[in-house]
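To start, the structure itself, in structure tokens.
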Amino acid sequence: MKQVRNGPAIPVGVDHPIGEKIAAARRLLAVHGAALHSDPAVAGLLGRYRAALRDSRREMEAGGIVAECTECAVVDGGSCCGRGIENRFDAVLLLVNLLLGAELPDRPEDPDGCWFLGAAGCRIPARHVICINYVCPRLVRRLGPEGLRSYQARVAREADLGFALEEALKRWLRNRT
């Protein structure tokens with residue numbers, strides 16, 4: 001766990017159950033949500049990240065990636081969204097999802113799938129970097145070289161802004177709690 005100055009420790013790492021991390025993210029939102037939304041630096045990063053997520057999602061839908069990944073995960077039992085991948089998430093990334101207005105599920109829909117996997121794919125907007133960077137051979141074939149380059153450019157922006165936002169939140173929490 002990561003200790004926040006004068007505050008509770010924030011569960012990070014794969015050794016903490018996802019339910020514990022979700023509860024911690026909800027507590028952080030309850031205590032700091034209004035202040036985080038009104039902080040100009042955090043709000044600016046949150047807005048840019050939201051736009052990058054929208055761009056990535058649009059690219060993924062247009063390129064058939066959402067449909068392909070959903071079919072693979074839900075129908076074929078693909079390994080990308082398999083049970084346990086949610087353990088990579090920490091409370092800060094889950095807080096990002098809450099700040100974006102997402103609801104974090106209390107349980108997985110599919111006991112064999114990722115906690116955040118639903119019938120239409122991922123149920124949260126801000127995903128772990130492993131979720132957005134991994135491109136399986138099935139997708140490489142579907143996208144082709146040009147489609148793959150386009151996709152990777154979009155998700156690189158999403159990953160960069162997501163990392164910047166998470167780091168800003170960690171600094172903010174360290175300095176204010």
Side-chain angles (χ1 to χ4, degrees), residues 1-4 7-33 36 42 45-46 49-50 52-53 56-57 60 65-66 68-139 151-152 154-174 177:
M1 281 206 261
K2 185 176 193 134
Q3 185 67 37
V4 177
I10 299 172
V12 296
V14 297
D15 54 333
H16 296 280
I18 190 64
E20 183 181 316
K21 293 184 245 185
I22 289 172
R26 289 176 176 156
R27 282 191 307 275
L28 288 168
L29 182 71
V31 173
H32 302 294
L36 285 165
V42 172
L45 274 170
L46 197 57
Y49 185 51
R50 185 184 317 264
L53 289 169
S56 289
R57 182 69 180 198
M60 290 173 68
I65 296 169
V66 171
E68 191 79 27
C69 289
T70 299
E71 179 181 327
C72 179
V74 175
V75 177
D76 298 340
S79 62
C80 298
C81 302
R83 184 177 61 215
I85 197 71
E86 70 274 2
N87 294 324
R88 300 278 181 194
F89 287 71
D90 64 24
V92 175
L93 180 54
L94 296 171
L95 174 61
V96 168
N97 278 283
L98 293 172
L99 290 168
L100 290 167
E103 290 189 30
L104 301 176
D106 292 321
R107 68 190 61 76
E109 281 186 20
D110 177 357
D112 294 324
C114 173
W115 192 278
F116 305 112
L117 177 64
C122 192
R123 298 188 283 172
I124 56 174
R127 299 165 294 148
H128 191 277
V129 71
I130 199 167
C131 301
I132 62 174
N133 277 340
Y134 179 71
V135 182
C136 70
R138 179 176 175 163
L139 278 181
Y151 172 73
Q152 288 174 324
R154 289 273 191 239
V155 298
R157 182 169 177 260
E158 176 185 337
D160 289 346
L161 284 166
F163 177 78
L165 178 57
E166 287 181 62
E167 291 302 302
L169 289 172
K170 290 173 189 174
R171 275 191 308 279
W172 192 97
L173 290 167
R174 272 194 308 271
T177 56

Problem - pair Leu117-Cys122: side-chain heavy atoms closer than 4.5 Å - result: no
Handout entry: Leu169/Leu99 under side-chain contact (heavy atoms from CB on, under 4.5 Å): CA gap, chis, key distance, verdict
Key = CA-CA 11 Å; Leu169 289 172; Leu99 290 168; 4.0 Å; yes
Fill in the blank from the handout: When rounded to the nearest 0.5 Å, the distance separating CG of Leu46 from CG of Leu36 is 9.0 Å
Practice task
Taking all heavy atoms of Ala25 and all of Leu95, pick out the closest pair and write down the distance.
Solution key: CB-N, 3.7 Å
Problem - Of all pairs that satisfy ring-ring contact (aromatic ring centres under 6.0 Å, His included), the ones with a partner from residues 96-120, not counting sequence neighbours - result: Phe89-Phe116
Problem - Atom pair CD1/NE2 of Ile22 and His16 - distance to nearest 0.5 Å - result: 14.5 Å
Problem - Ionic contact status for Glu109 with Arg123, cut-off 4.0 Å - result: yes
Problem - Point-to-point distance, once rounded to the nearest 0.5 Å, from CZ of Arg27 to CG of Leu98 - result: 12.0 Å
Exercise for the section: Check step by step if side-chain contact (heavy atoms from CB on, under 4.5 Å) holds for Asp90 and Glu166. Expected result: CA-CA 10 Å; Asp90 64 24; Glu166 287 181 62; 4.2 Å; yes
Completion exercise
CE (Met60) and SG (Cys69) are apart, to the nearest 0.5 Å, by 5.5 Å
Exercise for the section: Check whether any side-chain heavy atom of Leu53 lies under 4.5 Å from a side-chain heavy atom of Ser56, and answer yes or no. Expected result: no
Exercise for the section: May I ask you to decide if Leu165's main-chain N or O and Glu167's side chain share a donor-acceptor pair within less than 3.5 Å? Expected result: no
Practice task
Please determine if Arg50 and Glu158 form a salt bridge, counting it only when a charged side-chain N lies under 4.0 Å from a carboxylate O.
Solution key: no
Problem - Heavy-atom donor-acceptor pair, Lys21 side chain to Asn87 backbone, under 3.5 Å - result: yes
Fill in the blank from the handout: Closest non-hydrogen contact found for Val96 with Ala126 is CG1-CB, 3.8 Å
Exercise for the section: Check Val129 against Ala159 and note the closest heavy-atom contact, atom names and distance. Expected result: CG2-CB, 4.2 Å
Practice task
Kindly give the heavy-atom pair with the smallest separation between Glu86 and Ile18, and that separation in Å.
Solution key: O-CD1, 3.4 Å
Handout entry: Step-by-step side-chain contact (heavy atoms from CB on, under 4.5 Å) determination, His128 to Ile85
Key = CA-CA 9 Å; His128 191 277; Ile85 197 71; over 6 Å; no
Problem - Partner set under side-chain contact (heavy atoms from CB on, under 4.5 Å) for Ala102, not counting sequence neighbours - result: Asn97, Pro125
Exercise for the section: Output, in order, the C-alpha distance, side-chain angles, deciding distance and verdict of side-chain contact (heavy atoms from CB on, under 4.5 Å) for Glu71 and Arg138. Expected result: CA-CA 12 Å; Glu71 179 181 327; Arg138 179 176 175 163; 3.6 Å; yes
Exercise for the section: List for me each residue that meets side-chain contact (heavy atoms from CB on, under 4.5 Å) alongside Asp112, sequence neighbours excluded, and say none if there are none. Expected result: Arg83, Asp110
Handout entry: Which atom of Trp172 lies closest to which atom of Val42, heavy atoms considered
Key = CD1-CG2, 4.1 Å
